[in-house]
Structure formats: C-alpha cells, structure tokens
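Worksheet: the structure to be examined is printed underneath.
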Amino acid sequence: MNPLVSISFEGLMLGLSTGSVCATTCFPFLLPYLMTEGKSGLRKQAFLLLKFFSGRLIAYLLAGGFAGWLGGRFRGRFPESFHDWALIVLAGAMVFFASERLFFKKTACLRSPKPFVSRQFPFLLGFLMGWNVCPPFLIGIDRLLEIGNPALGTIFFFAFFISSSLYLLPLFLLVPLFSSDRLRTVGAMTALLVGSGYLAKGVFALFFSR
Amino acid sequence: MPVFSGAGGALFAAKLAWISGIGFASYRVFRTGRVSGWRSLFFIILAWAFILEFKATLLGLSGSVWVTPEIREVPYCHIAIVSTFLNHLYYQYLALMSGHWLKWSPLAAGLLFWLLATLSIGQGWCSWACFYGGLDTTFSSLRKEPFLKWFHLPRGARDFSLALLIAVMLLSLAKTQPVYCLWLCPLKISTGFLDPDTVIRKWQFAIFAAAGILFVIALPVLIKKRTFCAFLCPFGAWQAIVGRISPFRVSINPEVCTLCQQCLKACPIYAIDATGVKEHKISSYCNRCGDCFDACPTGAIDYSIGKRLSGTPLPRILFLISAWLIGGSVSLLFVPSAILKIIRWVSSGFHG
C-alpha cells in the first residue's frame, strides 16, 4: 500500500478507536470553557468552533512533524518533563481565563473591547490542548518516532485530528444551553477548579515526584 | 420473651425501639407543627450512628466491640456515586462498544432506591436521610446564636457546589478515579484506597483533615450554617437539579410574609437570599428541613405541591410521611445496631 495512504489510514483508525479516551481527557477543559463563553447565535458558535479546532489542528500538525523529525534524526523520545510542562501551561491559561471572568470582568475594563488574549482564547485553548499528552497522543508519537519522517508525521496527525475531533463535536451542541449569566459563572468557577487541580498536578509531578 | 432472645432477638428489639422513637418524633411534629427540632435530633442520631456502625475505626477502636468484620466494608456512598457518574456512563459505553454488557454495579444497586427517594422527597434527602448531613448539623446546632453573622453570600457563591460537582465529575472521568473521594471528601474514614505514594498520601490526608475541620466543625460552629452540605457536597448540587422531579416544594405566602428575613437567617444551607425574600422565592438548593417554618413569625412558609401554597395541610402531611418513611428506612440499616453496641459497651462497664 502507498505509505501516504497507509499512514493516513493508521491516523484515522487511531483517532476512531481511541477518540473516546481523547474526549475524556479534553472534556474537563472544554466543557467549563464552553459554559463560560457559550454563544447563543449560530454564527458566533461556528466561530468559536473554528477557532478551537484551528488551534488544535496546528498543535497536532506541529507535534506530528516534530515527532517525525525527532525520530528521523535521533531515534529519541520526547523529554520526560514535556507532559508536565504542557499541562502546567494549559492549566495556567485556564486559571487565568477563569480568574479574569470571575474577578476582573466588571472592573476597570468594563467598556473596553475584549483584549486580544480573550478573543483568541478558543484558539489558544485548542492549541494548548493539542499539545497535551493523552494516551492516544502518546501512541501516535511513539509510532512517529519509529517511522522517523516529518512529512508522514504531519499527515498521520492530520488524520488523527479529523477522526478524534468527531468525539468532541457533540459537546458544541450543548453550547446553546449555556445562555444564562448564572451558568456562565458556574462555568468559570468550574474552569477555575479544573485548572487549579491540573496546575497542582503538573507542578507536583514536575518538582516533587522525581 | 423468646422472640427477643439471642443476638437476633436483641437486634429485633432495638429495631422496634427505634421505630417507636421515630413514630413518637413524627407524632410530635404533627402535633406541634414544628418540624426542625425533632428532625434535627433524628438527623443527628442518624449521622453519629452511621459513624459508630460503619466508621468506628476512625475512633481508634480497631479490635474492640465496635469493629465487626462487616463494617470494614465501607459502603460506596451516594456522594461517591454522583461524583463518578460520568465514569459509570463511560464504562457502559465501552461495554456497549465492545459487545459485552458490564454490570451496572454500585449505580444499579442504589438507582431504584435513589429514584424512589428523589421522587418522593427530592432535595429532602439532604435533611432527612443523608447519613453525613447530621454531622455539620450537630456542630451548627451547638449555639443558639452564631458567633459570626454571615447571612449573606457574595453573588454566585451559592453555586460553588454545582461548579464543584461538574469539576469532580469531569476530573473523575479524565483520571478514571473517584477524585472527590481521594482529594476532597472530609468524611472519608477508610483510607485503603488512597494513593500509595507517601507524599501524595500525606497531601490527601492534609486536605481531608483541613476540609473536615473547616467545613464540618469550625464554620458550622461559627456561622451556624451547614457549610459542608452547602458548599462542599456534590450530591447536594446534584439533588438540587434532579430533585425537581419531586412535586414537593417549600413556598412563601406573599400575603402573609412581612419581609423580616428571619427565614434567610435560619436557613442552614443558604437556600434563601435577600432577593429571594423580596420575590418570595426559595432556591432549588432548599433541603426541606423546616428550619425556616419554625423561624417565621407569621407562619408564611410551608410545604407545597408545585410552587403555590394550597392553604391546606395536605402537602405538609404527605411530605412529612414520605420523609419519615425514607429517613426511617435508611436509619433502620444501622441505628438499631449502633444502639445495641452502645448498650453492650455501657453494660460491659465501658470496656472492649
């Protein structure tokens, strides 16, 4: 079989067979975010979806390319602490986002336009979540380190992105339910709790358990 | 009499005595019209009997009369089931996808009873049948007046328990572990399931102790509110959502209410806020405990079917019968046995 077709098929199958695990890893970040930022209009929802999946796609393409390159050059592995750093950055962003929504929303910047970081947060969330290591992601990385080809790595992760995204899409159907201010506040508090939990986990794993 | 002889007979006698006690308490409630005093007493006994019966190892009584082999099997409680609800659903999904059916395990065991309890008393579970709620009720009942008069919460703070419920459900799903039980529950006594890593275990213990001291003891004593139930219990938030399937509510009669806010001050779980008093609305976090009825100087608050008071005592009678039945059934599982153990302990001269 053509290696291009073969590697695409592998990526697709990996995403389809392990997508539910991907979803369980991503839901704790995605659901509180959607509760907090849920937009009622279809157009606004579509933008949110597009930004999030763009960020996730770019992260996957970079990860695939990098793993392929790393495998080709060194037959090496991702540094052991990579997972912890990725988790700390993602959880930190989540804590920042939730704190901003909960504590600073109605202060000095009440009338100012949304800051750039806030507007692009769906993209940032998708990008950071894309870099976060879950079991299917690790299986993919391991396979690419073995293949050792950046181009094939990128294709593999593109296919993986397509199939695993199918499991995340249903969550966006819930967005219209999160239209009240009360639920937005609950969403922000949930995001703060989840972010703090993962931040503590990442810091602990990085500095105390080795 | 032969029926009361032997170990089984003694337990039977204890059960009869306990049922008679419940009967007397419910009679007093119907007779006096005051709910909170007798309910609180029943609720406090329920919680401490549970501690004695199932969790005596906490007291360092291992090997004594308190600890029998069966109590080492600490039940998978309702708080744990709710906080791992998504995990149960996920396992069923995996079972379906793999072509095999898994057992519904603890979810199935409690599902029917939970449905019955929720349909009949809704959120009332948290004030009539939960074998943990009596702990912070005990400490919040120690003083007549609170040290700190924290009657009002910052906007949105009452929904913290809902946020906690969603967070622990999602984290438990992602980690495939009961995250709430491992990290936050201030009521866990069995520690066999805690993390084997020594450092992590120490942290889990530290959080467990801190949450217990703060939310179950210190804050209830200081502010006379059930702070664990109000802020740290995911099951309370769960019942606030699904408990709506029960027809019973607590309602304020706008024609009689004088807006004095005594109900707001008396409510142990912050289910009534200042806006609610003005609009004569009680939030879905209401536990149906009856404390506000007794605090209301004009008798404007009562149980209702639907959102409006009917003006008849029927909703109150129906709710109270259901509540005593559900709470009484739960209590029968362990209160008589705990009573027997206390009697044996006392009769042995406080030995064993």
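All chains are named by letter (A, B, ...) in the order of the sequence lines, taking the proteins before the strands, and each is independently numbered beginning at 1.
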**Item:** Distance-minimising heavy-atom pair for B/Gly156 and A/Met189
**Value:** O-CE, 3.2 Å
**Fill in**
Correct closest heavy-atom pair for A/Thr25 and B/Ala174 would be CA-CB, 4.5 Å
**Asked** Is the CZ atom of A/Phe158 crowded by more than 12 outside heavy atoms at less than 6.0 Å?
**Response**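 Incorrect, the count does not exceed 12.
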**Item:** Non-hydrogen side-chain atoms of B/Phe160 and A/Val186 separated by less than 4.5 Å
**Value:**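 No, their side chains stay 4.5 Å or more apart.
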**Prompt:** Can you find a pair of side-chain heavy atoms, one from A/Phe204 and one from B/Ile200, that are under 4.5 Å apart?
**Reply:** yes
Nearest-0.5 Å distance, [atom1] of residue [X] to [atom2] of residue [Y]:
X: B/Arg155; Y: A/Asp181; atom1: CZ; atom2: CG; answer: 6.5 Å
X: A/Tyr198; Y: B/Lys175; atom1: OH; atom2: NZ; answer: 7.0 Å
X: A/Arg182; Y: B/Asp159; atom1: CZ; atom2: CG; answer: 4.0 Å

**Contact class of B/Leu164 relative to chain A, heavy atoms under 4.5 angstrom** = both
**Message:** Is B/Trp183 in contact with chain A via its backbone, its side chain, both, or neither, using a 4.5 Å heavy-atom distance?
**Reply:** neither
**Prompt:** Can you find a side-chain donor-acceptor pair between A/Thr24 and B/Tyr90 that sits under 3.5 Å?
**Reply:** no
**Message:** Heavy-atom pairs under 4.5 Å with chain B: which of A/Val21, A/Val194, A/Leu193, A/Leu192 has the most?
**Reply:**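 Going by pairs under 4.5 Å, I would pick A/Leu193.
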**Request:** Heavy-atom pairs under 4.5 Å with chain A are the metric here; pick the option from B/Leu165, B/Ile166, B/Leu170 that has the most.
**Result:**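 Greatest number of close heavy-atom pairs with chain A: B/Leu170.
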